[in-house]
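Inspection log for the structure reproduced underneath, given as structure tokens.
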Protein chains: 2
Amino acid sequence: MDTDWLSEDEEQAWRAFRRLLVALPARIGRDLARDSGLSAADYEVLSTLSEKPDRRWPLKELAAKMEWSRSRLSHHAARMQGRGLIDKEPDPQDARGCLLHLTDDGFAVLEQAAPHHVVSVRSRFLEHVSADELAMLRRLSTRIADLPD
Amino acid sequence: MDTDWLSEDEEQAWRAFRRLLVALPARIGRDLARDSGLSAADYEVLSTLSEKPDRRWPLKELAAKMEWSRSRLSHHAARMQGRGLIDKEPDPQDARGCLLHLTDDGFAVLEQAAPHHVVSVRSRFLEHVSADELAMLRRLSTRIADLPD
DNA sequence: TACATTTCGTTGACATGTCATCAAGACCTC
DNA sequence: GAGGTCTTGATGACATGTCAACGAAATGTA
């Protein structure tokens with residue numbers, strides 16, 4: 001195999017895939033902003049927080065779960081706090097840390113947003129992918145995302 | 001089918017795919033910055049400009065080709081001009097417009113960057129995808145990216 | 001205990017993208 | 001060719017992300 005360049009097939013596939021990499025998140029993000037006033041990042045924070053019964057996560061752990069830097073989450077959480085979607089509380093286990101807490105308002109916004117978001121993911125993506133393709137895509141995505149950084 | 005939520009399979013596949021959507025461009029972008037001091041956006045501009053024999057494109061057309069806004073390309077081109085990678089020239093066909101021109105320096109940077117970038121795309125992506133998977137991914141990507149916005 | 005090291009979240013400087021707006025020029029219609 | 005309208009690229013305000021540096025608190029080690 002020529003390792004110095006891409007074959008025609010590889011080139012075309014890589015081009016097509018890059019288009020998808022850009023277009024799909026952009027479309028779903030626009031839907032989310034239009035339907036619920038949330039960015040994709042907002043939605044990810046809210047939905048991850050809502051997974052815990054008490055709606056609280058240490059910032060460090062939430063950042064790790066979402067694969068965000070602590071800096072990014074700190075900045076983003078400050079903005080979301082300003083909008084009343086989340087709270088910050090001192091961490092009783094570690095005086096350096098803080099807990100991010102999904103407020104009732106934030107939970108209500110998430111509950112309103114979720115069904116629209118599902119419709120968006122379906123209509124922009126899932127509806128156009130067969131079960132076989134989806135299974136393949138999942139295996140492939142996991143395989144590649146799990147490679148070392 | 002329940003249109004109100006995602007099945008377990010759909011949920012898992014969507015999660016895995018979203019991880020890929022974030023991780024793959026980030027890794028390839030980091031490789032590019034490390035090997036050549038270019039961002040993915042820089043590389044896209046340089047390589048698209050290099051496709052024309054005279055290395056010139058009207059800004060409007062380049063933006064359309066890359067599916068960028070004119071504003072984004074204008075900002076980005078100004079920064080790349082500051083680094084000497086490209087020039088701006090008046091468009092002889094349209095006094096409102098301008099031509100973006102790949103400089104010799106820009107071309108040299110692209111020539112240096114390209115083989116490293118190919119290695120990166122191979123090692124982070126293509127090597128881990130079979131020919132069948134790649135063909136399926138290409139069809140799927142084209143199908144979805146071609147949907148209306 | 002004392003001291004060095006590590007970890008936590010915050011902060012500020014900066015890079016990059018979006019959006020609305022603008023002046024200049026092209027285009028259209030009469 | 002005159003006047004209104006659209007298009008082009010630039011610009012400024014703003015949102016969001018990265019990176020390096022920091023103070024405070026936890027942890028490890030003598």
Side-chain angles (χ1 to χ4, degrees), chain A residues 21-23 25-34 37-46 49 56-83 85-101 149, chain B residues 21-23 25-34 37-46 49 56-83 85-101 149:
Chain A
L21 246 45
V22 173
R27 290 169 190 174
I28 292 179
R30 267 201 310 278
D31 290 346
L32 200 49
R34 170 175 47 71
L38 296 174
S39 66
D42 295 334
Y43 189 88
E44 196 179 341
V45 170
L46 294 181
L49 277 177
R56 281 168 181 80
W57 285 75
L59 186 147
K60 170 71 188 306
E61 283 181 31
L62 186 61
K65 168 91 175 171
M66 300 194 303
E67 303 183 81
W68 284 18
S69 69
R70 285 173 298 146
S71 169
R72 179 181 178 186
L73 182 53
S74 175
H75 279 300
H76 205 94
R79 292 188 294 261
M80 294 181 73
Q81 187 176 26
R83 294 192 284 153
L85 299 172
I86 65 174
D87 275 339
K88 254 173 251 183
E89 302 175 352
D91 183 341
Q93 311 300 309
D94 185 337
R96 292 169 306 179
C98 69
L99 303 179
L100 300 186
H101 168 236
D149 255 331
Chain B
L21 245 47
V22 173
R27 290 168 190 175
I28 292 179
R30 266 201 310 279
D31 289 347
L32 200 48
R34 170 175 46 74
L38 296 174
S39 67
D42 295 334
Y43 189 88
E44 196 179 343
V45 170
L46 294 181
L49 277 176
R56 281 168 181 78
W57 284 76
L59 185 148
K60 170 72 189 306
E61 284 181 30
L62 186 61
K65 168 92 175 169
M66 299 195 304
E67 305 182 80
W68 284 18
S69 69
R70 284 174 298 144
S71 170
R72 178 181 179 186
L73 182 52
S74 176
H75 279 301
H76 205 94
R79 291 188 293 261
M80 292 181 74
Q81 187 176 27
R83 295 192 283 153
L85 299 171
I86 64 174
D87 275 338
K88 254 174 250 185
E89 301 174 355
D91 183 342
Q93 312 298 311
D94 184 338
R96 294 169 304 182
C98 70
L99 304 179
L100 299 185
H101 167 237
D149 256 334

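So you know, we letter chains A, B, ... as the sequences are listed, proteins then strands, and number each from 1.
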C:dG9 base / A:H75 side chain donor-acceptor hit below 3.5 Å: no
Nucleotide D:dT8, atom C1' - distance to CG of B:L100 in whole Å: 12 Å
Stepwise side chain to side chain contact (heavy atoms under 4.5 Å, CB included) test for A:L49 and A:R56: CA-CA 6 Å; A:L49 277 177; A:R56 281 168 181 80; over 6 Å; no
Distance-only donor-acceptor test, A:S71 side-chain atoms vs C:dT10 base atoms, 3.5 Å: no
Short side-chain N/O contact to C:dT10 OP1/OP2 from A:K88, under 4.0 Å: yes
Spacing of CZ belonging to B:R79 relative to CG belonging to B:L85, to within rounding of 0.5 Å: 12.0 Å
Length of the CG-P vector between A:D42 and D:dG17, whole Å: 9 Å
Nucleotide of D:dA25, C:dT10, D:dG9 approaching A:L59 most closely (side-chain heavy atoms): C:dT10
Separation of atom CZ in A:R30 from atom P in C:dT18, rounded to whole Å: 10 Å
A:R79 side chain near C:dT10 phosphate (N/O to OP1/OP2, under 4.0 Å): no
Smallest separation among heavy atoms of A:K88 and A:C98, with atom names: CG-SG, 4.1 Å
Nearest to side-chain heavy atoms of B:H76, which nucleotide of D:dA26, C:dG17, C:dT11: C:dG17
Spacing between B:E67 atom CD and C:dT18 atom P, to the nearest angstrom: 12 Å
Ion pair B:D94/B:K60, N-O distance below 4.0 Å: no
B:W68 CH2 - D:dT8 P separation (whole Å): 18 Å
Value in whole Å for how far the C1' atom of C:dG25 lies from CG of B:D91: 12 Å
Nucleotide of C:dG9, D:dG9, D:dG17 approaching A:R72 most closely (side-chain heavy atoms): D:dG17
Distance in angstrom units between B:R70 CZ and D:dT11 C1', rounded: 13 Å
Between D:dT18 (C1') and A:L73 (CG): distance, integer Å: 15 Å
Step-by-step side chain to side chain contact (heavy atoms under 4.5 Å, CB included) determination, B:H76 to B:S39: CA-CA 11 Å; B:H76 205 94; B:S39 67; 4.2 Å; yes
Minimum-distance nucleotide (side-chain atoms of B:R96 versus D:dT18, D:dG17, C:dA26): C:dA26
